[in-house]
Structure formats: C-alpha cells, structure tokens
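Counting starts at 1 for both ligands and their atoms, following the listed order. Side chains included, hydrogens not; waters and symmetry mates left out as well; all remaining heavy atoms used. Throughout, numbering of the chain's residues begins at 1 and tracks the sequence.
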Amino acid sequence: MDRALLLLLLSLWALTGAVSPQAAGLCPDRLLGQESRRTCPRPCKADRDCGSKRQCLCDGQCGLSCVAPGRTCPWPLPPREDSEARLLSPTHSFSALLEVRCKPGFALPNGLDATIRRCQGDRQWSGDEPICTETRSPDEPASTPSCPLPEHIVDTFSIQGDATAGASIRYTCLSGADIVGSRENFCQDNQTWQYPHPMCKEVYCQPPREVDQGYVVAVQKTEYEVGFDIHYLCKKNFLLDGPQKVTCLSNGSWSASPPHCRARCLIPAQRSRVVIGGVKRWPFDVTDTLVAHGENVTFFCKHSKKQCSFSATQSCFDGRLQTPACYLEPTWLQFKLFPHRLVSEIDACGPDDVE
Ligand SMILES: *[C@@H]1O[C@H](CO)[C@@H](O)[C@H](O)[C@H]1NC(C)=O
Ligand SMILES: *[C@@H]1O[C@H](CO)[C@@H](O)[C@H](O)[C@H]1NC(C)=O
C-alpha cells in the first residue's frame with residue numbers, strides 16, 4: 001500500500017478512535033464475535049451511560065464503549081530482534097498509535113514491512129503481536145537453481161564450469177580415458193541436464209610384447225584390466241634385464257617396457273687365464289666356459305717390447321663378449337711347452353711401461 005495513503009487512513013482512524021459521541025457516525029458498530037480482543041468495555045451511546053470516571057468513546061472494533069481515556073497501554077515495549085516499535089502519538093494512552101516496523105530483511109505474514117497498533121480501552125495494543133519473518137529480496141534469490149551432479153559422476157569426472165541453470169559444464173575423465181557421450185552438458189531452467197551424463201571408456205591394456213627367451217607369467221587374455229600385474233621370467237641361463245613385473249596403468253599403458261632376457265657369453269679365450277669376479281682362473285675351469293650377461297672379464301695382453309703384461313677388461317652383453325684388440329691367444333705349443341711364459345702368467349708391467 002502507498003505509504004502516504006496509509007498514513008492518511010491512519011490519521012482518519014486516529015481521529016475516529018477518539019471522537020466524541022457527537023461524531024459517532026464514524027465509529028463502527030460493535031462487531032460481536034469478530035473482535036480479536038478478548039473483552040470489550042461496556043457499550044454506550046453517550047458519556048452519561050458511563051458514570052463519572054469514564055467516557056463514551058470509539059474503541060475500535062468494540063464500537064462506542066465506556067473507557068477511561070487516561071489509561072495507558074504498555075510502553076516502552078521490550079526490544080525485539082525482528083522489529084522496532086515507535087509511538088506515532090505523543091502519549092501511549094487510549095487511542096495512541098504505535099508503528100511496528102520489521103527490521104530489514106524481515107516482513108509480516110501479509111508481506112508488508114510495518115503495521116500500526118492502537119491503544120485500546122482494555123489497555124492493550126490492537127491486533128495480534130506482529131511477527132516479522134526473514135525474507136529475501138527478489139533480486140537475490142535464495143540459491144540459484146542448479147542441476148544435480150550425482151556422486152558417481154563427481155567421482156568419475158573432473159567437471160569444469162557451473163552446474164547452475166543456464167550454465168554449462170565440461171567433463172574430463174579422471175582416469176584420463178576417452179569420453180563416451182557428450183563432453184559438454186547444459187543445465188536447463190527446470191534443473192535437469194540437457195543430455196545424459198557421458199561415460200568414461202573402459203580402459204584396458206593390450207597384451208604385452210613377448211620376451212625372447214622369457215616367459216610372461218599371466219593368464220593369456222586379449223586385454224588386461226587396469227591394475228593387472230604381469231610377471232616375467234627368463235629361461236634357464238638367461239638373465240632378466242629390466243622390470244620383473246609390469247602393471248596395467250589407468251591410461252591403458254603398461255608401467256614399463258617388457259624386460260629382456262640376456263644370454264650368457266662364452267669366454268673367448270682358452271690358453272691364458274682371465275679375471276672373473278676378482279678371481280684369476282683358467283677358462284676351462286669356469287662352468288660351461290660361460291659368464292653371465294653384464295659380467296666383466298679381464299684379459300691379459302703382452303707388452304709389445306717387454307716381457308710383461310697389462311690387462312684389458314671386456315663386458316659380456318647378451319651373449320657377446322669379445323677379446324680386447326691387444327689380446328693374442330697363445331698357441332697350443334706355447335701353452336704346452338712354456339706355460340710359465342704365457343701372457344697371463346708373466347709379471348705385470350709397471351706404471352712406467354707405457355707403450
Ligand atoms: C600413461 O601414463 C604414464 C605414467 O603416468 C606415462 O608415463 C605414459 O606416457 C602414459 N601413456 C600414454 C599413452 O599416455
Ligand atoms: C663391469 O664394469 C663396469 C665398468 O667398470 C661396472 O660398472 C660394472 O658394475 C661391472 N660389472 C660387474 C658385474 O662387476
């Protein structure tokens with residue numbers, strides 16, 4: 001209601017509330033049964049109906065009643081959290097007006113933010129105790145309507161964007177897998193999604209590469225689930241070079257390349273000793289004359305001018321072990337007739353004996 005109009009009506013009401021019986025035409029008849037107040041004072045038509053201490057005055061819904069005009073209504077009122085009361089009249093006696101205004105963000109059940117109460121003949125303010133309840137202004141809605149994002153969707157996808165009505169989101173599979181369905185979705189005004197949620201492509205690893213001279217220790221499958229482990233073994237006499245185990249990762253790759261099974265090497269010397277693992281020995285004393293992949297074998301070479309030897313080391317790599325370029329295999333005669341003069345048996349050259 002327009003505030004000016006409200007005040008005009010109120011002032012009229014205030015006037016009629018205190019009019020003398022002469023102006024009684026403006027006072028409503030007592031509305032029996034309809035008054036919200038419990039009791040009405042004795043009805044009257046003129047002051048003489050009311051005895052010496054009372055006057056015949058208009059008392060709101062009670063109509064003309066015998067009231068004592070000096071009687072007051074409760075004032076000040078106890079402070080309230082939701083509203084503020086203020087007197088519109090100079091006193092708080094009969095027919096005085098009281099404005100009760102809701103605090104900002106609060107409103108009365110009828111939607112207005114203020115009401116006027118009148119001091120009645122029964123010393124009570126008219127009407128019920130006003131109750132202001134919290135409201136929200138229409139330009140800041142309670143919560144923007146949004147579309148639901150179920151837990152399994154939030155657990156499966158990384159979601160960019162806004163799930164509120166009119167906005168859109170983009171999905172990315174947390175696993176890194178491809179999306180099956182629409183990558184983008186729109187939250188409609190009725191708080192439902194325009195499209196069904198997509199899915200993440202099930203991820204599998206392809207069967208791993210076969211390993212030469214090795215075994216894959218796993219059930220043969222056409223594809224392996226994420227987290228699946230595959231173990232590798234090498235055939236006898238082959239050394240595993242690489243991971244013993246690979247795992248199917250969430251992006252469909254194996255955690256590592258398959259290992260290699262490396263062959264042992266035949267010692268390429270027969271008639272002179274070599275150093276293997278820190279021990280100087282004849283090749284024919286070594287089991288099968290073989291060394292493991294990665295093993296170092298030190299050979300002895302003769303100084304080109306002096307009767308002394310120096311050493312040169314070679315490594316076995318997957319079945320390949322070559323003698324150093326300086327190494328000369330002794331002849332059968334040298335080996336049989338002059339074993340103490342074999343290159344591996346003579347003194348080592350000194351630090352000065354560089355060639
Ligand atoms: C899969 O993930 C691993 C580890 O995060 C990474 O090293 C590899 O490159 C990825 N493979 C592919 C095909 O994206
Ligand atoms: C062989 O020699 C290389 C280079 O000196 C060394 O890194 C490696 O550990 C050695 N291998 C063995 C089995 O001792």
Do C44 and C56 have their SG atoms under 2.5 angstrom apart? yes
Determine, counting only non-hydrogen atoms of the protein, whether one lies under 4.0 angstrom from atom 2 (O) of ligand 1. yes
Would you call the rings of Y224 and F228 parallel, tilted or perpendicular, where under 30° means parallel and over 60° means perpendicular? tilted
I'd like to know if E129 and R80 make a salt bridge, using a cut-off of under 4.0 Å between side-chain N and carboxylate O. yes
Between C132 and C102, is the SG gap short of 2.5 Å? yes
For atom 14 (O) of ligand 1, which protein heavy atom lies nearest, and how many Å away is it? N251 ND2, 3.3 Å
For atom 12 (C) of ligand 2, the protein heavy atom that lies nearest, with its residue and separation: N296 ND2, 3.3 Å
Shortest protein heavy-atom distance from atom 13 (C) of ligand 1, along with the residue and atom involved: S253 OG, 3.4 Å
For the atom pair CD (Q160) and CZ (R170), what is the distance rounded to the nearest 0.5 Å? 7.5 Å
Give the atom numbers and elements of ligand 2 that come within less than 4.0 Å of a heavy atom of G294. 11 (N), 12 (C), 13 (C)
Interatomic distance, NE2@H92 vs CG@L97, rounded to 0.5 Å, equals 14.0 Å
Which ligand 1 atoms does L249 reach within 4.0 Å, using its non-hydrogen atoms? 2 (O), 3 (C), 4 (C)
Heavy atom of protein closer than 4.0 angstrom to atom 7 (O) of ligand 1: no
